[in-house]
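Chain letters run A, B, ... following the sequence lines, proteins first, then strands; residues in each count from 1.
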Amino acid sequence: MMAAFFAIVRRDLALSLGSGGGAGLGVVFFLSVVTVVPFAVGPDLVLLARIGPAILWIGALLASLIGLERLFAADAEDGSLDALTLSALPLELAAAAKGLAHWLATGLPLVLAAPVLALMLNLEPAAIGAVVLTLLVGTPAVTFLGLIGAAFAGAFRRGGLLIAVLVIPLAIPVLIFAVSATQAAVVGPVPFGTPFRVLLGLTLFALVLGPVAAAAALRAARS
Amino acid sequence: MAILDLANPVRFMSLSARILPWIAGAAVVTLAVGFFLAFRAPPDYQQGETVRIMYIHVPFAWLGLFGYSMMAASSIGILVWRHPLADVAHKAAAPVGATFTALCLVTGALWGRPMWGTYWVWDARLTSMLVLLLLYLGLMALRAAIDEPNRAGRAAAVLTLVGFINVPIVKFSVDWWNTLHQPASVFRMGGSTIESSLLWPLLVCAIGFTLLFLALHMLGMRTEILRRRVQALEARAAAEAMA
């Protein structure tokens with residue numbers, strides 16, 4: 001069973017990395033969002049340092065949603081979704097494998113790009129560390145909650161805005177605790193660990209909820 | 001024909017046809033009494049006359065949550081028993097619940113202007129209700145995006161349950177975020193400290209609006225069933241014309 005799980009992870013990774021632009025495009029989009037903000041709020045470095053963690057998180061959140069549209073849609077088109085549904089591997093685990101591969105291909109590059117973007121926003125080293133840590137822990141939650149939207153998009157061939165509209169309300173708690181943790185690391189008043197642990201809990205929760213709900217959505221669409 | 005079976009709840013139609021006028025009438029009477037009591041009630045010592053917004057605002061908030069809970073219960077009916085009536089109940093509840101939630105936000109804003117000096121504050125309760133409204137709108141968008149009613153219903157049911165699990169988490173998160181960012185300077189009404197002279201009109205209004213909600217919901221369900229019947233008949237007529 002684990003062999004099938006990792007086979008899906010490897011296949012999806014190979015597909016998204018091989019097709020080119022999969023991982024890189026998300027990072028470029030992330031960079032674009034972060035670049036746009038100073039033009040909107042002005043080049044005030046003090047202000048940017050203060051709102052920097054929030055900008056990075058909004059950028060990462062949007063960038064995480066971008067690639068989700070094709071996650072199940074491509075499989076639905078070429079018939080491999082049927083194979084996944086019929087295989088011995090529970091559909092929940094298949095969805096989790098696809099989520100993991102998607103995060104490795106698109107979420108992890110965002111985390112790795114974040115320190116550079118943080119420097120552009122004049123963040124202090126402590127804030128950079130906190131942002132990267134919260135992104136590392138929090139972006140899987142966004143990706144796995146996004147699995148739900150991706151399942152709808154794949155099953156019903158509707159994408160784009162619908163995914164964002166469905167997933168963003170669900171991702172609000174993640175955003176709250178991720179940015180709170182970063183703020184806590186820089187200015188307090190609560191210790192970094194308090195919101196960070198809640199963020200960890202939210203991620204663990206999303207890791208379960210996302211695949212289960214995505215599988216339910218895929219089944220609902222089929223029969 | 002599957003769609004014809006969908007319109008099967010004949011009993012619901014005959015039953016609701018008899019009950020609906022009574023619920024609607026009871027709603028009108030209760031609301032009339034409630035509004036009368038609300039205007040008779042003494043003005044608040046601190047808020048003056050604006051406290052009367054409470055008599056509609058609080059029921060709206062309650063019914064926004066009530067509507068979503070109803071949809072969550074219907075979702076279980078859709079997913080577990082695949083009951084067509086549950087699907088109709090789910091679909092009809094969405095616009096009614098969304099409207100009450102939106103009205104709650106609007107009346108809250110109108111109340112906030114004289115009381116807080118601003119239409120909108122990122123208060124924990126306001127923000128949670130806003131997220132609830134977003135969930136409602138997302139659900140309606142999802143239904144609108146899918147052509148086939150059966151599959152649309154099941155998809156919306158999955159999303160409703162995900163949202164239902166998430167609403168308490170959102171509430172908790174927003175409470176945390178709010179206490180972190182904003183001092184508790186905003187005027188807050190302690191739930192249990194309402195004077196009984198203000199509480200009674202509120203309860204009557206809440207019952208009246210609940211009856212209104214049920215009447216609108218039942219009307220929506222009837223409309224939806226009729227719509228599906230028409231669609232089924234049209235499909236059959238088209239099929240016969242083809243043959």
Side-chain angles (χ1 to χ4, degrees), chain A residues 54 141 144-149 151-184 187-190 194-195 198-199 201-202 205-206 208-223, chain B residues 2 68 75-76 78-80 82 87 90 101 122 124 127-183:
Chain A
F144 274 72
L145 289 173
L147 274 181
I148 305 169
F152 287 126
F156 299 109
R157 315 199 170 197
R158 294 285 191 285
L161 274 180
L162 186 64
I163 295 187
V165 166
L166 300 185
V167 174
I168 284 175
L170 304 178
I172 286 175
V174 175
L175 192 64
I176 287 176
F177 283 100
V179 177
S180 297
T182 316
Q183 300 272 345
V187 289
V190 285
T194 314
V198 181
L199 179 65
L202 287 173
F205 183 69
V208 177
L209 180 71
V212 169
L218 289 173
R219 286 203 194 95
R222 291 179 61 79
S223 45
Chain B
Y68 201 87
S75 299
I76 295 170
I78 295 172
L79 291 175
V80 178
R82 307 208 158 189
D87 182 40
H90 184 280
T101 309
W122 289 90
T127 315
S128 306
M129 286 309 274
L130 182 63
V131 175
L132 183 68
L133 182 65
L134 286 178
L135 282 175
Y136 269 122
L137 296 178
L139 278 168
M140 285 155 71
L142 181 66
R143 267 212 192 254
I146 305 168
D147 303 322
E148 221 245 296
N150 262 333
R151 295 165 74 203
R154 259 168 290 157
V158 171
L159 187 66
T160 309
L161 290 180
V162 170
F164 194 65
I165 297 168
N166 234 50
V167 163
I169 299 176
V170 169
K171 181 79 182 81
F172 162 71
S173 315
V174 169
D175 278 341
W176 156 279
W177 165 79
N178 191 252
T179 47
L180 202 66
H181 282 248
Q182 207 183 348

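Between the CG atom of A:L166 and the CG atom of B:L134 there is a distance of 11.0 Å, given to the nearest 0.5 Å. Interatomic distance, CG of B:D87 versus CZ of B:R143, reported as 4.5 Å (0.5 Å rounding).
Partners of A:F205 by side chain to side chain contact (heavy atoms under 4.5 Å, CB included), not counting sequence neighbours, listed by chain and number: A:L209, B:I165, B:N166, B:I169.
When side chains are defined from C-beta on, B:T101 does not count as touching B:L130, because their heavy atoms never get closer than 4.5 Å. Under the 4.5 Å side-chain criterion, counting only non-hydrogen atoms from C-beta, B:L161 is in contact with B:L79.
A donor-acceptor distance shorter than 3.5 angstrom exists from the side chain of B:Y136 to the backbone of B:Y68, with no hydrogens or angles considered.
Comparing A:V212, A:V165, A:I176 by how many heavy-atom pairs each has under 4.5 Å with chain B, the most go to A:I176. When the candidates A:P173, A:A213, A:A217 are compared by the number of heavy-atom contacts under 4.5 Å with chain B, A:P173 comes out ahead. Interface remark: of the candidates B:G163, B:A141, B:A155, B:A155 forms the most heavy-atom pairs closer than 4.5 Å to chain A. When the candidates A:P195, A:A184, A:A151, A:G149 are compared by the number of heavy-atom contacts under 4.5 Å with chain B, A:P195 comes out ahead. Of the listed residues B:V162, B:I146, B:V167, B:L139, the one with more heavy-atom pairs under 4.5 angstrom with chain A than any other is B:I146.
Contact annotation for A:V198: only side-chain heavy atoms (C-beta onward) come within less than 4.5 Å of a heavy atom of chain B. Heavy atoms closer than 4.5 Å to chain B are found in the side chain of A:L202, but not in its backbone.
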